[in-house]
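These values consider heavy atoms only, across backbone and side chains, with no hydrogens, waters or symmetry-generated copies.
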Amino acid sequence: MLPLPDSFPQRSGALTENAATAVLDALEAEGRLPAALFAETMPGCGGQRVLPDGFLANIYRRVHELGGICVADEVQTGLGRMGDYWWSFETQDLLPDVVTMGKPVGNGHPLAAVVTSEEVAARFDSGMEYFNTFGGNPVSCAAGLAVLDIIEDEGLRQNALKVGGRMKRGLQTLAEKYDFLADVRGRGLFLGVEIVEDREKFRPDRQRSHEIVEAMLEYGVMLSLDGPGHNVLKIKPPMVVDLADADEFLGKLDRVLARTA
Ligand SMILES: Cc1ncc(COP(=O)(O)O)c(C=O)c1O
């Protein structure tokens, strides 16, 4: 496990990529070389974290030096959700050896996919037998291809950029109004809002976060919580939401926040 930087150094101390690469250095010193690094470029369950520029690039470089490969998990962040990019690894200018995708790639149809370089694929094709009950199902493949076409043909990536931008600006305005909204972060339709008890130590406010999620449900809006403190509102709506949906969401959230303030 590699440590991740926190949005609030007041809470957990400043952390740079050196702290993460130190873990790899320690493994090397013990003679335990990594086979692979698995990482989301914007950790979702970690609380919609936006990593500093260059953070993962340094780690990728170190893993490669030690002979490992780098796997980008795009299950939550991929398929145009970033708005300006198709994949979150592009936001950090990374070149993964393997990209994994799941859930939205089938838009409800159970499907996951792996994309890799010819070099890695060739190593896999070494005579070893690989078997998977559901692998290569033609119906699932058709569903996956249709999803890719629809994202492109209906401009859903551009929609994520436009609607996500409006949502983020609206959330930033709400953060000026309610001091327990400590951080609004993310990109496109992958946004997180951190709820804290105070602005000195930025202690996570799990209870208030839970109340906000429950109250939003009464208005018909499903949110969830992420992050180690269970205090980051996860805003990851379907890619087809429009500006009117964004405004409706922001209006409802404002009402709920006023209720819990
Ligand atoms: C980022 C991320 N990666 C991987 C998975 C698991 O995907 P799968 O069930 O296709 O293995 C999930 C969710 O379950 C996820 O959120």
When hydrophobic residues are tied together by side-chain contacts of less than 4.5 Å, even through go-betweens, does Leu191 share a cluster with Leu189? yes
Nearest-0.5 Å distance, NZ of residue Lys236 to CG of residue Leu223: 12.5 Å
Charged N to carboxylate O under 4.0 angstrom, Arg259 versus Glu211? no
Quick check: are there more than 12 heavy atoms from other residues, nucleotides or ligands sitting under 6.0 Å from NE2 of His210? no
Report yes or no: do Trp86 and Ile150 belong to one cluster of Ile/Leu/Val/Met/Phe/Trp/Tyr joined by side chain heavy-atom distances under 4.5 Å? yes
Met216 CE to Ser224 OG distance, which is reported to the nearest 0.5 Å: 12.0 Å
Say whether, by atom type as modelled, one donor and one acceptor occur between the side chain of Arg166 and the main chain of Ala246 under 3.5 angstrom. no
Judged by atom type as modelled, is there a donor-acceptor pair below 3.5 Å linking the side chain of Asn231 to the main-chain atoms of Ile195? yes
Would Thr77 and Met82 count as a side-chain contact (heavy atoms from CB on, under 4.5 Å) here? Give the steps. CA-CA 7 Å; Thr77 50; Met82 293 287 115; 3.9 Å; yes
Using every non-hydrogen atom in the two residues, find where Gly106 and Val147 come nearest and quote the distance to one decimal. C-CG2, 3.9 Å
I would like to know whether Glu74 and Leu79 meet side-chain contact (heavy atoms from CB on, under 4.5 Å); could you show each step before the answer? CA-CA 8 Å; Glu74 292 283 353; Leu79 295 150; over 6 Å; no
Is it true that Arg49 and Glu40 have a side-chain N and a carboxylate O under 4.0 angstrom from each other? no
In this structure, are over 12 heavy atoms from other groups packed under 6.0 Å from Lys162 atom NZ? no
What are the two closest non-hydrogen atoms of Ala36 and Val71, and how far apart are they? CB-CG2, 4.4 Å
When hydrophobic residues are tied together by side-chain contacts of less than 4.5 Å, even through go-betweens, does Leu161 share a cluster with Val184? no
Between Leu37 and Arg62, is there a side-chain heavy-atom distance shorter than 4.5 Å? no
Donor-acceptor pair between Asp254 and Tyr178 side chains, under 3.5 angstrom: yes
What are the two closest heavy atoms between Gln76 and Cys45, and how far apart are they? NE2-SG, 3.4 Å
Does Phe38 CZ have over 12 foreign heavy atoms under 6.0 Å away? no
Is there a donor-acceptor contact under 3.5 Å from the side chain of Ser140 to the main chain of Gly136? no
Please answer: with hydrophobic residues joined when any side-chain heavy atoms are less than 4.5 Å apart, are Met167 and Leu243 in the same cluster? yes
For residues Tyr60 and Ala72, report the shortest heavy-atom separation together with the two atoms involved. OH-CB, 3.7 Å
Between Arg61 and Glu65, does at least one N-O distance fall below 4.0 Å, as a salt bridge requires? no
Is Arg81 reaching over with its side chain to a backbone N or O of Pro237, donor-acceptor style, under 3.5 angstrom? yes
Sub-3.5 Å donor-acceptor pair from the side chain of Asn159 to the main-chain atoms of Val241, do we have one? yes
Is it the case that over 12 heavy atoms from other parts of the model lie below 6.0 angstrom from the CE atom of Met222? no
Flag, side chain of Asp245 to backbone of Asp242, donor-acceptor distance under 3.5 Å: yes
Enclosure of Leu95 CG (heavy-atom neighbours >12, cutoff 6.0 Å): no
Is there a donor-acceptor pair closer than 3.5 Å between any side-chain N or O of Glu194 and the backbone N or O of Phe202? no
Main chain of Gly78, side chain of Ser88: is a donor-acceptor contact present, judged purely on distance under 3.5 Å? no
Would you tell me whether Arg185 and Ser7 have side-chain atoms, one donor and one acceptor, within less than 3.5 Å of each other? yes
Is the closest side-chain heavy-atom distance between Pro204 and Arg206 below 4.5 Å? no
Looking at every heavy atom in both Gln92 and Thr41, which two are closest together, and how far apart are they? CG-CG2, 3.4 Å
Atom CD of Glu118: over 12 foreign heavy atoms under 6.0 Å: no
Any chance CG of Asp149 has more than 12 other-residue heavy atoms, nucleotides or ligands included, within less than 6.0 Å? yes
Let me see the working for Val50 and Phe190 under side-chain contact (heavy atoms from CB on, under 4.5 Å), right down to the final yes or no. CA-CA 10 Å; Val50 179; Phe190 186 79; over 6 Å; no
Does atom CZ of Arg123 have more than 12 heavy-atom neighbours, drawn from other residues, nucleotides or ligands, at distances under 6.0 Å? no
Counting C-beta onward and ignoring hydrogens, is there a side-chain heavy-atom pair between Lys252 and Glu248 closer than 4.5 Å? yes
ILVMFWY network linking Ile151 to Val240, side-chain heavy atoms under 4.5 angstrom: yes
With a 4.5 Å cut-off on side-chain heavy atoms, are Val99 and Val114 touching? no
Using side-chain contact (heavy atoms from CB on, under 4.5 Å), reason through Ile235 and Phe249 one step at a time and then give a plain yes or no. CA-CA 10 Å; Ile235 300 160; Phe249 161 71; 3.8 Å; yes
Which class fits the ring pair Phe89 and Trp87: parallel under 30°, tilted 30 to 60°, perpendicular over 60°? parallel
Residues Cys70 and His64: closest non-hydrogen pair is SG-NE2, 3.7 Å
Using a 3.5 Å distance criterion without hydrogens, assess whether the side chain of Lys168 forms a donor-acceptor pair with backbone atoms of Gly186. yes
Check Lys201, Arg203, Arg208 against Asp205 for a salt bridge (Lys or Arg N to Asp or Glu O under 4.0 Å) and give me the one that passes. Arg208
